[in-house]
Amino acid sequence: MEKKQDSFTDVIILAGGIGERLWPASKPDNPKQFMSLPDGVSFIQSSLLRSLALKPEGRIIIITKRDLLEKTAESVRNLSARLSPEEQEKLRKDILILTEPFQRHTTAPLVLASKMLELKDGKEHTVLVLASDHVISPTEAFVSDSLKAAATAQKNFFVCFAIPPTSPDTGYGYIKAGEDLSPDGTIVRIDSFQEKPDLETAKRYLASGAYAWNSGMFAFTTRFFLSEVKKLAPDVYAAFDDLIPPPAETELSGGINCIQGWQSMDDAYGKAPSIAVDKSVAERTDRAAAVKASFNWDDVGSWDAFCKYFDRNADTTVEVGSRNNFVYSDIPVALCGVDDLTLVIKNGMALVMKKGSSGLMRDVVKAVKEKKKTGD
């Protein structure tokens with residue numbers, strides 16, 4: 001497929017995460033990407049709407065876990081009612097679900113998709129990589145910035161999106177901007193990547209004005225990306241070296257295409273190391289660039305972030321002598337004489353958390369897993 005200048009041929013949506021910090025609503029068989037905000041549109045459906053807004057010429061590829069195939073397909077089907085006839089036809093024709101045999105972080109699936117696209121037609125593709133669980137607005141700004149990313153990727157750069165920080169957040173990786181790559185200063189080389197910092201370091205980053213959050217979305221051309229993986233992460237590249245074209249696509253109900261029974265993919269995954277693309281390529285290439293985002297972005301990675309999108313609790317919640325509580329529950333809840341709590345009752349489990357304590361959630365999930373193992 002010939003790429004159109006300054007546009008994407010294909011979009012890849014990574015949808016294999018678990019969203020542990022939103023336990024117990026998010027769990028392995030019903031992860032965060034299927035949760036919804038008050039508008040009733042799930043996170044993965046929002047990612048699909050953004051993909052359609054970009055009007056890619058080629059495929060919209062969703063990469064997810066094998067046991068989430070049907071749930072992912074159902075999300076795509078349920079979105080159709082919100083779409084124009086043209087968008088419905090685009091999904092029917094060009095949506096493709098790829099299911100991983102097991103998780104190998106983000107480098108392996110991106111190598112897989114890049115090689116698959118090139119095996120299909122022998123040509124270079126310009127790709128945008130999205131997460132399946134972000135909140136982004138407005139769409140017009142996202143599309144405009146993404147087209148800048150496409151143009152930059154076509155100059156052989158691995159492109160990130162730099163999000164202007166609004167607080168000294170310790171939950172994100174940071175990007176330090178380098179030299180300008182555009183006259184208006186909205187596209188820059190990346191001077192360095194920084195790990196998730198402690199609070200004092202994050203405060204210094206915010207005060208300096210030189211750092212931005214790394215959004216976890218990327219743009220690249222398949223040929224450039226594969227050449228960088230071959231150079232910087234040869235073990236991952238070698239695992240897919242003998243990849244053969246996939247079998248014919250299977251059409252699920254609702255006209256949704258997927259690939260099943262691709263033994264060559266399973267063999268490659270069996271050999272591929274598990275490594276994030278941030279570590280394998282982004283932080284090591286000398287061709288890393290960033291588009292300074294003009295859109296609002298939130299990865300909604302915690303209950304403290306999630307609850308900000310709800311201006312009221314469900315009508316089944318009763319509060320007496322209580323204030324500033326957030327309730328997300330399958331059953332009616334009454335609160336008496338308590339303030340500043342997050343209460344989540346989902347999937348037969350409950351979480352009671354003081355607001356502002358989201359940083360403890362990984363420890364909570366770890367402790368719950370240990371209890372299950374020991375049977376206590």
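Scope of the values below: all heavy atoms of this structure, side chains included, with no hydrogens, waters or symmetry mates.
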Side-chain donor-acceptor contact under 3.5 Å, [X] with [Y]:
| X | Y | value |
| --- | --- | --- |
| N324 | D340 | yes |
| S182 | D184 | yes |
| R77 | S253 | yes |

State which residue, out of L14, L128, V277, V281, fulfils the side chain to side chain contact (heavy atoms under 4.5 Å, CB included) condition with F218.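 Only match with F218 under side chain to side chain contact (heavy atoms under 4.5 Å, CB included): V277.
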Distance under 6.0 Å and angle within 45° of ring axis: [X] vs [Y]:
| X | Y | result |
| --- | --- | --- |
| K346 | Y328 | yes |
| K115 | Y237 | yes |
| R287 | F157 | yes |

Find the distance between [atom1] ([X]) and [atom2] ([Y]) and round it off to the nearest 0.5 Å.
| X | Y | atom1 | atom2 | result |
| --- | --- | --- | --- | --- |
| K55 | L147 | NZ | CG | 11.5 Å |
| L79 | L52 | CG | CG | 7.0 Å |
| K355 | W303 | NZ | CH2 | 12.5 Å |
| S47 | L130 | OG | CG | 6.0 Å |
| T152 | R189 | OG1 | CZ | 11.0 Å |
| E228 | K231 | CD | NZ | 4.0 Å |

After noting the C-alpha distance and the side-chain angles of E319 and R312, does the key distance pass the salt bridge (Lys or Arg N to Asp or Glu O under 4.0 Å) rule? CA-CA 12 Å; E319 295 190 73; R312 60 192 293 269; over 6 Å; no
Please check if the side chain of [X] supplies one atom and the backbone of [Y] the other of a donor-acceptor pair under 3.5 Å.
| X | Y | answer |
| --- | --- | --- |
| K292 | A177 | no |
| N214 | G173 | no |
| Q154 | T126 | no |
| Q194 | K176 | no |
| D235 | A233 | no |
| S26 | E20 | no |
| S322 | V320 | yes |
| T9 | H125 | no |
| K90 | P56 | yes |
| R59 | D94 | yes |

Measure the shortest side-chain to side-chain distance between [X] and [Y] over non-hydrogen atoms and say whether it is less than 4.5 angstrom.
| X | Y | value |
| --- | --- | --- |
| I61 | L117 | yes |
| S46 | R50 | yes |
| D198 | T170 | no |
| K308 | D298 | yes |
| L110 | V127 | no |
| T99 | T64 | yes |
| L83 | L49 | yes |
| D145 | M217 | no |

Please check if [X] and [Y] belong to a single hydrophobic cluster, counting links between Ile, Leu, Val, Met, Phe, Trp and Tyr side chain heavy atoms closer than 4.5 Å.
| X | Y | answer |
| --- | --- | --- |
| L22 | L37 | yes |
| I62 | M116 | no |
| Y309 | V344 | yes |
| V159 | I163 | yes |

Apply salt bridge (Lys or Arg N to Asp or Glu O under 4.0 Å) to E200 and K203, showing your working. CA-CA 5 Å; E200 289 306 311; K203 287 179 178 177; 3.7 Å; yes
S167/W213 under side chain to side chain contact (heavy atoms under 4.5 Å, CB included): CA gap, chis, key distance, verdict: CA-CA 10 Å; S167 65; W213 294 332; 3.9 Å; yes
Derivation of the side chain to side chain contact (heavy atoms under 4.5 Å, CB included) call for W23 and M349: CA-CA 9 Å; W23 180 91; M349 297 174 285; 3.7 Å; yes
Would you please test L68 and Q33 for side chain to side chain contact (heavy atoms under 4.5 Å, CB included) and show each step? CA-CA 11 Å; L68 293 178; Q33 56 263 35; 4.2 Å; yes
If you take the centroid of each ring, where Trp contributes its six-membered ring, are F158 and F224 closer together than 6.0 Å?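 No; F158 has its ring centre 6.0 Å or more from that of F224.
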For [X] and [Y], which heavy atoms make the closest approach, and how far apart are they?
| X | Y | value |
| --- | --- | --- |
| T107 | S280 | OG1-OG, 2.8 Å |
| H105 | A276 | CE1-CB, 3.4 Å |
| A202 | D169 | CB-O, 4.0 Å |
| I259 | P246 | CD1-CB, 3.7 Å |
| F306 | V300 | CA-CG1, 3.6 Å |
| G40 | S36 | O-OG, 3.6 Å |

For F225 and F220, take the angle between the two ring planes, folded into 0 to 90°, and tell me which bin it lands in: parallel under 30, tilted 30 to 60, perpendicular over 60.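 Plane angle under 30°, so parallel.
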For the residue pair F142 and F295, categorise the inter-ring angle as parallel (less than 30°), tilted (30 to 60°) or perpendicular (more than 60°). perpendicular
Verify salt bridge (Lys or Arg N to Asp or Glu O under 4.0 Å) between D29 and K27, making sure each step is shown before the conclusion. CA-CA 6 Å; D29 61 350; K27 59 194 187 80; 2.6 Å; yes
Please check if the number of heavy atoms outside K366 that lie under 6.0 Å from its NZ is greater than 12.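 Incorrect, the count does not exceed 12.
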Decide yes or no on salt bridge (Lys or Arg N to Asp or Glu O under 4.0 Å) for D39 and R82, but give the supporting numbers first. CA-CA 12 Å; D39 62 4; R82 296 176 179 263; over 6 Å; no
Between T201 and Y174, is a side chain to side chain contact (heavy atoms under 4.5 Å, CB included) present by the stated rule, with each step listed? CA-CA 11 Å; T201 303; Y174 283 72; over 6 Å; no
Pairing of R66 and D266 as salt bridge, 4.0 angstrom limit: yes
Can you spot which of Y211, Y205, W297 makes a ring pair (Phe, Tyr, Trp, His ring centres under 6.0 Å) with Y172? W297
